[in-house]
2 protein chains.
Amino acid sequence: MKVTINDVAKLAGVSMKTVSRVINKEPSVRKKTYDIVMDAVNTLNYQPNLAARNLAGTSSFTVGLVYDNPNAYYVIDMQNGVLSRCKEEGYELVIHPCNYLDSNMEDDFKTMIKRSRLAGLVLTPPLSEQSSIIDMLDEMGIHYVRVLSGRPTDEEQDTCIFVNDYEAAYEITSHLLSLGHTHIGFLCGDKEHKSTTERLEGYQAALKDHNIALNDELIYEGQYSFESGVEGAKALLGTDNPLQITALLGGNDEMAAGALFASRLMGIEIPEQLSITGFEDSPFSRQTWPKLTTAHQANDVISQHAARLLFRKTRGARNQDKEIITTFTPSLVVRESSGPKT
Amino acid sequence: MKVTINDVAKLAGVSMKTVSRVINKEPSVRKKTYDIVMDAVNTLNYQPNLAARNLAGTSSFTVGLVYDNPNAYYVIDMQNGVLSRCKEEGYELVIHPCNYLDSNMEDDFKTMIKRSRLAGLVLTPPLSEQSSIIDMLDEMGIHYVRVLSGRPTDEEQDTCIFVNDYEAAYEITSHLLSLGHTHIGFLCGDKEHKSTTERLEGYQAALKDHNIALNDELIYEGQYSFESGVEGAKALLGTDNPLQITALLGGNDEMAAGALFASRLMGIEIPEQLSITGFEDSPFSRQTWPKLTTAHQANDVISQHAARLLFRKTRGARNQDKEIITTFTPSLVVRESSGPKT
DNA sequence: TAGGACATTGACAGCGTTGTCATTTTAACT
DNA sequence: AGTTAAAATGACAACGCTGTCAATGTCCTA
C-alpha cells in the first residue's frame, strides 16, 4: 500500500540514495539513471514522505505564512499565491495568524518554529514591519521574506518584496487632479502602518507637483476599517463641507466603502458631488454602488514571488529558473466612484 | 540549542519513553513522575518535534482543511476555528484549496494525503457534499469531518456537523411575513449546492405555514455571487414589478448585496419599497447601505466543533472533555434592509 | 512474610528519509 | 594500455520520536 523510497530503489535497480538524489534534483546523476528512477517513481506513484524528509534532512519542506491582517480577501490571496508555489516545489504550508496586540505573540512564534522546523517564513504587513520580529528571526537563523509597503532599497533586495504604495497613491491622486479636483481629502489608516505613510506621501507628492498647497486638515487618520471610513467622511465633510472637498481618497477599499456609506447618509451624490477612491481592489470594490475607482494590487502574484524568493534562499542555486519581481506597483482602475469636478 | 526528548529525560531522571508518555497524556504515569517530567519540560521549554512524531507514531499530528468555497470570509473563519483547536491540541494545519472544476482534483487530493500522513480532514461545503470524495476517503481509510448544510440525521452524527439552513431560512422568511410581506422573491444559489435546496425548502415551508401559495416564478437561480444577485433582482423585478414583489430573500449576503446594487440602479428605495435579506452575516453585510438583515452563521464556532469532532475520532477517548455541538442554526439578525410592507 | 496481580517504567528497534564518506565507474589524459 | 582525476553510486548511521515487550515496583491477600 504505502510506497517508500526503497520500493522505488528496488524497482529501478539502484540504491535508495540515488533515488533520493533524483527526487531532490541533485546534480551528478547520470541522465540515464535519472530516467530509470523517474520511470519507477511514476509507475509506483511514489510520493516522498514529508515527515521523514523534514526529520532527516538539514533543510525542511514546510514554509510558514504569518499574517496579522484582518482583511480576509488579502489573506486568502496571499495564501493562495504562496500555496501555488509550494505545490509546485513539493512544499507544505502551515499558516500562522497572529494578533499583534497579543503580548506573547513572540513565544507563540517560537513554539511554532520549534515544533516543525521550517524552511522559512513569508511575513505580510503590518507584521513584516515589526523590527522586534525580524530581529528575533535573524537571531534564530530563520529564513524569511517580507512583503512590505515601500520603495525598494538596495540593501534589502533579497529578503523583501516591495509594494510601491507611494507610486500608486501618486497615481490615484493624479487621476483625481486630472478630473479637476483640487480639494482632496485623505482617509488614511493608522500611521503605525508603513503603507499609511507611503500612501500619504504619494498623495502629498502629487499635490505638490500640481502646485497645490498641502493642508493637514484634509487628512483623517482612521484604522483601515469600514467604520473609520464612515467616521472619517463625516469628520471631513462636516455638516456643510467647510473645506470644500470634492474628492476623497480612501486609504483602502474598506474605508472608501465607509465613505460611500456616509455619503449616502448625508445625501451626497457619488460621483456627481463627490469622488471617492479606494485602494487594493478587493472584490467588494466592485460590490458597492457605485463601483469603486481604486488601485489594483495583485496580491496573489505578489505572494507567489515572495514564495519564489524564499525558495531561492532556501534551496540555493537549485531553482534559479524563473525571474523574481521584487517591486510591485498597484495600478489605477477607474470605475464609477470618481468623476470630473462639477 | 535544540531541545530533544532525551534532554528532558536526562534532566528529569527518567527514560525517554516516560517523557513520551507524559507529553502524550497517556494514563499510567504516576502523578509524581508526571510532575517531575513536566517541570523538566518547562524549564527546558521543550517542544516535541512534529516531523518525528508523525514519522514514528501510528497517528499523525497534522490535519487538513479542504475547501472549495470562493468566499474569503467563510474560508478565513473556518480556518481560524480549526486552527484554534489545533493549537490547543498541538496539531498543525495544512490547508488545501480545491477547484471542483478541476478534473484531477482527486489525484491532487491523494498526493496531499500521501505526502504527509494526516490525522484527518475537515471538509467544507460544497466539497463536503460530493460523494465521490467521501467514497474515496472511506476507501483510503482517512478520518474526516464534514461540515454540511442540512438537518441532522442519526446515521451520520459522528462525521458531520450540520448547518441547519432550512430552519434559518424559515426564520428569515417568517420575519418578512411578520412585516406584512406576502410576495417574497428568492434569489437562490445553484441547485447543486445542498444549502440552496435547504434554504429554499425553509422559505417554502414558512410560506406554506402562512397559507401563502408557492409560485416558482418568484424563484431565481443564480450562483451565490454578487453579479447573479444583480441579475436576479433585475429579472424578478422586471421593469414594472409584475409579480408585485415587496421583499427579496438573498441566498447569501453577496446575492443580497447584488440585489441592493440593482435596486439602486432601478431607483428602488430600500427598505421603503423593497425589503432585502442576506444569509451568513459576513462582514460586508454591515458594509452595505442600508445594512443587511441576515442570518448569522457562526463559522468560527462551527469549525471549532468540527475540529473537536475530528480529534475525538482521532485520539479516541483521550479528550472527551468538551461537549461537541453537531447542529448549528444560523440566527436572524435584523438590520436596516428589511422593513414593514407599505 | 511470601506470592501474585497490576501499575509503572525502561531498553531498544524502527518509522522513511538525507548526510557522510567510502567505493565503483567513467572520462581524460599520457 | 596505464594512470589519474573526476563523476556517479552505494552502505550505513542518524534525525527525534513512538510502539513493543520485558523488567521492575507497588500493593494487596493469605
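Proteins get letters first, then strands, A, B, ... in listed order; numbering begins at 1 in each.
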Participant: Where the side chain of Met16(B) is concerned, which of dG19(C), dG19(D), dC12(C) is the nearest nucleotide?
Facilitator: dC12(C)
Participant: Take Asp138(B) and Tyr144(B) through the test side chain to side chain contact (heavy atoms under 4.5 Å, CB included) and record every step on the way to the result.
Facilitator: CA-CA 9 Å; Asp138(B) 283 335; Tyr144(B) 58 84; 2.9 Å; yes
Participant: Looking at Phe311(A) versus Tyr91(A), is the centre-to-centre ring distance below 6.0 Å?
Facilitator: yes
Participant: For Phe328(B), check ring pair (Phe, Tyr, Trp, His ring centres under 6.0 Å) against everything at least two apart and list the hits.
Facilitator: His305(B)
Participant: Can you name the residues that form a ring pair (Phe, Tyr, Trp, His ring centres under 6.0 Å) with Phe109(A), not counting sequence neighbours?
Facilitator: His96(A)
Participant: Which residues satisfy the side chain to side chain donor-acceptor pair (under 3.5 Å) test with Gln304(B), sequence neighbours excluded?
Facilitator: none
Participant: Name all residues meeting the ring pair (Phe, Tyr, Trp, His ring centres under 6.0 Å) criterion together with Tyr73(B); count only those two or more places apart in sequence or in a different chain, and write none if there are none.
Facilitator: Tyr73(A)
Participant: Roughly how many Å is it from NZ in Lys31(A) to P in dA8(D), rounded to a whole number?
Facilitator: 13 Å
Participant: Applying salt bridge (Lys or Arg N to Asp or Glu O under 4.0 Å), name anything that partners Lys87(B), two or more places apart in sequence or on another chain.
Facilitator: Asp108(A)
Participant: Would you say Ser20(A) reaches dT18(C)'s phosphate, i.e. side-chain N/O to OP1/OP2 under 4.0 Å?
Facilitator: yes
Participant: What is the minimum heavy-atom distance between Glu92(A) and Ser116(B), and which atoms define it?
Facilitator: OE1-OG, 3.2 Å
Participant: Describe, as an angle rounded to 10 degrees, how the axis at the first end of the helix from dT1(C)-dA30(D) to dT30(C)-dA1(D) is tilted relative to the axis at the last end, five pairs per end.
Facilitator: 30°
Participant: Is any side-chain nitrogen or oxygen of Thr58(A) closer than 4.0 Å to OP1 or OP2 of dG19(C)?
Facilitator: yes
Participant: Which pairs would a plain distance check flag for residues 57-64 of chain A, meaning a side-chain donor or acceptor within less than 3.5 Å of a matching protein atom at least two apart in sequence or in another chain?
Facilitator:
from     : atom 1 : to        : atom 2 : distance (Å)
Ser60(A) : OG     : Thr62(A)  : N      : 3.1
Ser60(A) : OG     : Thr62(A)  : OG1    : 3.2
Ser60(A) : OG     : Arg117(A) : O      : 2.7
Ser60(A) : OG     : Ala119(A) : N      : 3.2
Thr62(A) : OG1    : Arg117(A) : O      : 3.3

Participant: May I ask you to list the residues of residues 33-57 of chain B, by number, that have any heavy atom positioned under 4.0 Å from an atom of DNA chain D?
Facilitator: Tyr46(B), Pro48(B), Asn49(B), Ala52(B), Arg53(B), Ala56(B), Gly57(B)
Participant: Shorter than 3.5 Å, N or O on both sides, protein versus nucleotides 20-25 of chain D: list them out with atom names.
Facilitator:
none

Participant: Whether Lys25(B) engages the ring of Tyr34(B) as a cation-pi pair (distance to the six-membered ring centre under 6.0 angstrom, angle to the ring normal within 45°) should be assessed.
Facilitator: no
Participant: Are any of Thr18(B)'s side-chain N or O atoms less than 4.0 Å away from OP1 or OP2 of dG10(C)?
Facilitator: yes
Participant: Could you work out, with ring pair (Phe, Tyr, Trp, His ring centres under 6.0 Å) as the rule, every residue matching His143(A), not counting sequence neighbours?
Facilitator: none
Participant: For a quick test of reading the model, state the closest non-hydrogen atom pair linking Pro125(A) to Asn69(A) and the distance between them.
Facilitator: O-ND2, 3.7 Å
Participant: Check whether any side-chain nitrogen or oxygen of Thr4(B) sits under 4.0 Å from OP1 or OP2 of dG16(D), and answer yes or no.
Facilitator: no
Participant: Quick one: Lys10(B) NZ to dG10(C) P, roughly how many Å, whole number?
Facilitator: 14 Å
Participant: Taking only N and O in the side chain of Asn24(B), is any of them less than 4.0 Å away from OP1 or OP2 of dT18(D)?
Facilitator: yes
Participant: Measure the distance from CG on Asp7(A) to P on dG16(C) and round it to the nearest whole Å.
Facilitator: 9 Å
Participant: Sorted by first residue and then second, give each side chain to side chain donor-acceptor pair (under 3.5 Å) pair with at least one member in residues 42-54 of chain B; sequence neighbours left out.
Facilitator: Asn24(B)-Arg53(B)
Participant: Tell me: CZ of Phe61(B) to C1' of dC15(C), nearest whole Å?
Facilitator: 14 Å
Participant: Nearest to the side chain of Ile5(A) - dT17(C), dG10(D), dA13(C)?
Facilitator: dT17(C)
Participant: Checking Val14(B) against Val19(B) for the side chain to side chain contact (heavy atoms under 4.5 Å, CB included) test, could you report, in this order, the C-alpha distance in whole Å, the side-chain angles of both residues, the deciding distance, and whether it holds?
Facilitator: CA-CA 7 Å; Val14(B) 298; Val19(B) 178; 3.8 Å; yes
Participant: Among residues 110-118 of chain B, which ones have heavy-atom contacts with DNA chain D below 4.0 Å?
Facilitator: none
